[in-house]
Amino acid sequence: MTQAQRFAAAVFFLGTIYILTYLSIIPVPLLDDDKKNEILPVIPWWLLVSFGSYSLWSLGWGLLTFRDCPEAYQELLSEITTAKNELRMQGVSVDS
């Protein structure tokens with residue numbers, strides 16, 4: 001079973017439990033109906049906001065800890081120069 005299949009199975013299982021609880025087919029222990037009707041409808045939005053917050057945080061952290069690679073920069077410049085020279089030999093104008 002691949003990781004995507006495991007994730008899809010977990011989402012399906014949890015979604016089914018949520019829908020059955022939301023429709024009052026499965027009772028929620030320790031919560032009365034008023035509290036359940038206040039909490040259950042906002043759970044998907046809470047999950048969406050939490051995922052968005054985590055995504056923004058991980059993106060920001062990745063940008064903050066991004067390391068420069070001077071060796072990779074020099075290698076890229078040499079590959080660009082090599083490609084330009086090969087194109088010039090074939091008669092293509094690469095200079096702006």
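- Partners of L23 under the side-chain contact (heavy atoms from CB on, under 4.5 Å) rule, at least two apart in sequence or in another chain, are I19, I25.
- Annotation: side-chain hydrogen bond (donor to acceptor under 3.5 Å, both in side chains) contacts involving residues 30-42, sequence neighbours excluded, comprise S24-K36.
- Remark: T21 engages I17, I26, V28, L40 in a side-chain contact (heavy atoms from CB on, under 4.5 Å) (not counting sequence neighbours).
- Evaluation of the side-chain contact (heavy atoms from CB on, under 4.5 Å) rule for L47 yields I43 as partners, not counting sequence neighbours.
- A donor-acceptor pair under 3.5 Å is absent between the side-chain atoms of E86 and the main chain of A83, judged by distance alone.
- Apart from W45 itself, the hydrophobic cluster it occupies contains L48, where clustering links Ile, Leu, Val, Met, Phe, Trp and Tyr at side-chain heavy-atom distances under 4.5 Å.
- Every residue meeting the side-chain contact (heavy atoms from CB on, under 4.5 Å) condition with L64, not counting sequence neighbours, appears here in chain and number order: W61.
- Note: the hydrophobic cluster containing F13 also contains Y22 (ILVMFWY, side chain heavy atoms under 4.5 Å, direct or indirect links).
- Under a 4.5 Å side-chain heavy-atom criterion applied to ILVMFWY residues, the cluster that includes I80 comprises L76 as well.
- Contacts classified as side-chain hydrogen bond (donor to acceptor under 3.5 Å, both in side chains) and involving residues 70-82 (residues at least two apart or in different chains) are not found.
- Residues satisfying the side-chain hydrogen bond (donor to acceptor under 3.5 Å, both in side chains) test with K84, not counting sequence neighbours, are none.
- In this structure, M1 stands alone, with no Ile, Leu, Val, Met, Phe, Trp or Tyr side-chain heavy atom under 4.5 Å from its own, directly or through other members.
- Here the closest heavy-atom approach between residue Y18 and residue P41 is recorded as OH-CA, 3.8 Å.
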